[in-house]
Amino acid sequence: MEMFRELKDMKATFSYYVVGLDGASQNHIISRTVDVCSFLKRPSMDRFVKSVYDQMQRNNRIPTKCPIPPGPYYIRNVSPTSVRMPGFFPESSFMFDNNYYSGIKSEPMVECRFYGRLVRVSDDMLQ
């Protein structure tokens with residue numbers, strides 16, 4: 001994503017859905033919408049969003065301060081296995097939405113959707 005002007009207002013939504021065996025049905029588990037500037041000033045305001053943000057920040061170029069300066073931003077090589085998932089997420093197929101909005105009308109800027117399968121691994125399974 002190439003930003004051509006400074007952004008003073010951006011919101012991000014993080015949503016997690018369980019996908020049924022038929023692949024079509026989706027059950028919403030958790031959704032968080034945060035003001036990006038408020039979150040960047042105080043990342044501890046939401047533990048779920050912070051865990052996703054910390055993982056994305058490692059190998060990517062994403063905003064780290066506000067106002068958000070112009071420039072290229074990207075998300076690459078995000079591995080769901082390295083994001084700590086809350087214990088109440090069921091072992092199942094999932095869909096994870098990560099969307100960004102800007103402006104008074106909250107117009108969509110970027111929409112990302114990831115699909116996968118959550119499998120619990122315990123220490124005794126590794127031996």
Side-chain angles (χ1 to χ4, degrees):
M1 172 174 67
E2 181 76 33
M3 304 271 270
F4 295 104
R5 64 178 173 84
E6 180 178 271
L7 275 181
K8 296 178 183 174
D9 176 39
M10 185 163 66
K11 297 203 181 330
T13 300
F14 301 86
S15 299
Y16 186 90
Y17 301 84
V18 171
V19 178
L21 295 175
D22 61 2
S25 61
Q26 301 169 357
N27 295 313
H28 184 257
I29 299 291
I30 190 170
S31 184
R32 295 283 197 272
T33 300
V34 296
D35 177 276
V36 173
C37 288
S38 296
F39 176 78
L40 292 174
K41 289 177 187 168
R42 197 172 57 105
S44 62
M45 68 189 284
D46 191 300
R47 289 188 338 202
F48 176 64
V49 174
K50 183 175 180 352
S51 68
V52 173
Y53 179 81
D54 287 347
Q55 170 59 29
M56 288 184 174
Q57 192 177 24
R58 287 188 187 117
N59 301 313
N60 302 291
R61 187 170 189 320
I62 59 176
T64 57
K65 64 180 182 174
C66 273
I68 299 167
Y73 295 94
Y74 54 84
I75 298 172
R76 298 180 186 144
N77 302 321
V78 174
S79 171
T81 57
S82 55
V83 177
R84 292 187 145 222
M85 302 304 245
F88 62 85
F89 281 11
E91 192 170 332
S92 66
S93 295
F94 69 86
M95 179 179 73
F96 179 74
D97 270 337
N98 180 213
N99 304 313
Y100 298 89
Y101 307 90
S102 181
I104 295 171
K105 295 181 181 180
S106 290
E107 296 175 24
M109 292 176 51
V110 177
E111 295 180 349
C112 302
R113 184 167 288 158
F114 305 93
Y115 294 90
R117 179 150 181 81
L118 181 63
V119 178
R120 302 220 185 271
V121 177
S122 60
D123 290 337
D124 58 334
M125 294 173 74
L126 299 174
Q127 297 174 349

For this session: Begin from the C-alpha positions of Phe96 and Val52 and carry the test side-chain contact (heavy atoms from CB on, under 4.5 Å) through to its verdict.
Result: CA-CA 11 Å; Phe96 179 74; Val52 173; 4.0 Å; yes

In the structure I gave you, are the side-chain heavy atoms of [X] and [Y] within less than 4.5 Å of one another anywhere?
X	Y	result
Ile30	Phe48	yes
Tyr100	Met10	yes
Thr13	Arg32	no
Ile68	Tyr73	yes
Asp35	Asp9	yes
Arg5	Pro70	no
Val36	Lys11	no
Glu91	Val119	yes

Exercise. Between Ile75 and Tyr101, is there a shared hydrophobic cluster once you connect ILVMFWY residues whose side-chain heavy atoms come closer than 4.5 Å?
Worked result: no

Exercise. Could you walk me through whether Phe94 and Tyr16 pass the ring pair (Phe, Tyr, Trp, His ring centres under 6.0 Å) check?
Worked result: CA-CA 7 Å; Phe94 69 86; Tyr16 186 90; 5.4 Å; yes

Seminar exercise, completed: Under a side-chain separation threshold of 4.5 Å, the hydrophobic residues clustered together with Tyr115 are Tyr17, Val19, Met95

Problem set entry | Side-chain donor/acceptor of Asn98 to backbone N/O of Cys112, under 3.5 Å | no

Exercise. Which pair of heavy atoms, one from Asn99 and one from Glu111, lies closest together, and at what distance?
Worked result: OD1-CA, 3.1 Å

Problem set entry | Where Pro69 and Met3 come nearest, the two heavy atoms and their spacing | O-CB, 4.4 Å

For this session: May I have the step-by-step check of salt bridge (charged side-chain N to carboxylate O under 4.0 Å, His left out) for Asp46 and Lys50, ending in yes or no?
Result: CA-CA 6 Å; Asp46 191 300; Lys50 183 175 180 352; over 6 Å; no

For this session: Compute the ring centroids of Tyr53 and Phe39, then answer whether they are less than 6.0 Å apart.
Result: yes

